[in-house]
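Written out below as structure tokens is the structure these notes cover.
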Amino acid sequence: DAKTTQPPSMDCAEGRAANLPCNHSTISGNEYVYWYRQIHSQGPQYIIHGLKNNETNEMASLIITEDRKSSTLILPHATLRDTAVYYCIVLGQGAQKLVFGQGTRLTINP
Amino acid sequence: GAVVSQHPSRVICKSGTSVKIECRSLDFQATTMFWYRQFPKKSLMLMATSNEGSKATYEQGVEKDKFLINHASLTLSTLTVTSAHPEDSSFYICSARVLLAGTGNEQFFGPGTRLTVL
């Protein structure tokens, strides 16, 4: 599975949109981009995933560039409860396991 | 989403004892379950993959005799830390994989079990 690169930390003001980037320049055609987050001392929570089209659900939007080499997770109106470590993972549909990188520690400030 | 539970949520034990952690998929049958461990301020590290009725596949560097995994049914997997020592103190997280119509394979995580070995 392709490797991903994320900034180690980001800050965002409460109520603003939080935009979390992820680089996955070696992604192959059948690999999906998944986003999970982990709030302190809890298990990871699924957020969203996509292949090449932009995706939106009740939690977030996922914007994938046309060449699929990078993506951005958007939390449209960040709240203090969105403070967490966000993981971007690239995974083939037939792949067995999720392997976590270091993620981005997002801090939402009041 | 689907719910995965873990029991216990916290456990403190003496060095040399064995500890069993249960992972259950509450409203679905999981094709595969996974066990991770996480040290403070570190990312999750995959320990093993288990399929119901077969032996678990352990990641490189994980001792299979130390971390016993039993996957007796499609809704239950257990991890037993045998002869636990203080260096085994960690946050253990399980996850369950299920094939969902329309979205394909999804993986859902339990809330984690914090093990402290004195």
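In this text, all values refer to a predicted model and were calculated from it rather than measured experimentally. Excluded from the calculations below are hydrogen atoms, water molecules and symmetry mates; all remaining heavy atoms, backbone and side chain alike, are included. All chains are named by letter (A, B, ...) in the order of the sequence lines, taking the proteins before the strands, and each is independently numbered beginning at 1.
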_Ring centres under 6.0 angstrom apart (B/Tyr36, A/Tyr87)_ =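 No, ring centres 6.0 Å or more apart.
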
*With chain A, which of B/Met45, B/Glu59, B/Lys42 has the greatest number of heavy-atom pairs at distances under 4.5 Å?*
B/Glu59

*asked:* Quick check on the interface: out of B/Gly112, B/Gly110, B/Pro111, who has the most heavy-atom pairs with chain A under 4.5 Å?
replied: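 When all of B/Gly112, B/Gly110, B/Pro111 are compared, B/Pro111 has the most.
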
Any non-hydrogen side-chain atom of [X] less than 4.5 Å from a side-chain atom of [Y]?
{"X": "A/Gln45", "Y": "B/Phe109", "value": "no"}
{"X": "B/Gln38", "Y": "A/Gln38", "value": "yes"}
{"X": "A/Tyr46", "Y": "B/Glu106", "value": "yes"}
{"X": "B/Ser95", "Y": "A/Leu98", "value": "no"}

*Is the count of non-hydrogen atoms from other residues, nucleotides or ligands lying under 6.0 Å from A/Arg105 atom CZ greater than 12?*
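No.
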
_Which portion of B/Gln6 sits near chain A, non-hydrogen atoms under 4.5 angstrom_ = neither

Any chain of hydrophobic side-chain contacts (each under 4.5 Å) joining [X] to [Y]?
{"X": "B/Tyr58", "Y": "B/Phe34", "answer": "no"}
{"X": "B/Ile21", "Y": "B/Phe108", "answer": "no"}
{"X": "B/Leu118", "Y": "B/Phe39", "answer": "no"}
{"X": "A/Met10", "Y": "A/Ile47", "answer": "yes"}
{"X": "A/Ile63", "Y": "A/Ile89", "answer": "no"}

Listing, residues 81-88 of chain B side-chain donor-acceptor contacts under 3.5 Å, not counting sequence neighbours, or none:
from: B/Thr82; atom 1: OG1; to: B/Asp65; atom 2: O; distance (Å): 3.1
from: B/Thr82; atom 1: OG1; to: B/Lys66; atom 2: O; distance (Å): 3.0
from: B/His85; atom 1: ND1; to: B/Ser15; atom 2: OG; distance (Å): 3.2
from: B/His85; atom 1: NE2; to: B/Ser83; atom 2: O; distance (Å): 3.4
from: B/Asp88; atom 1: OD2; to: B/Lys66; atom 2: NZ; distance (Å): 2.7
from: B/Asp88; atom 1: OD2; to: B/His85; atom 2: N; distance (Å): 2.9

*Spacing of B/Leu44 atom CG and A/Tyr36 atom OH [to the nearest 0.5 Å]*: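 Going from the CG atom of B/Leu44 to the OH atom of A/Tyr36 covers 11.0 Å.
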
*How many angstroms lie between NE2 in A/His49 and CD in B/Gln107, if you round to the nearest 0.5 Å?*
12.5 Å

_B/Phe91 versus A/Gln42, closest heavy-atom pair with distance_ = CE2-O, 3.7 Å

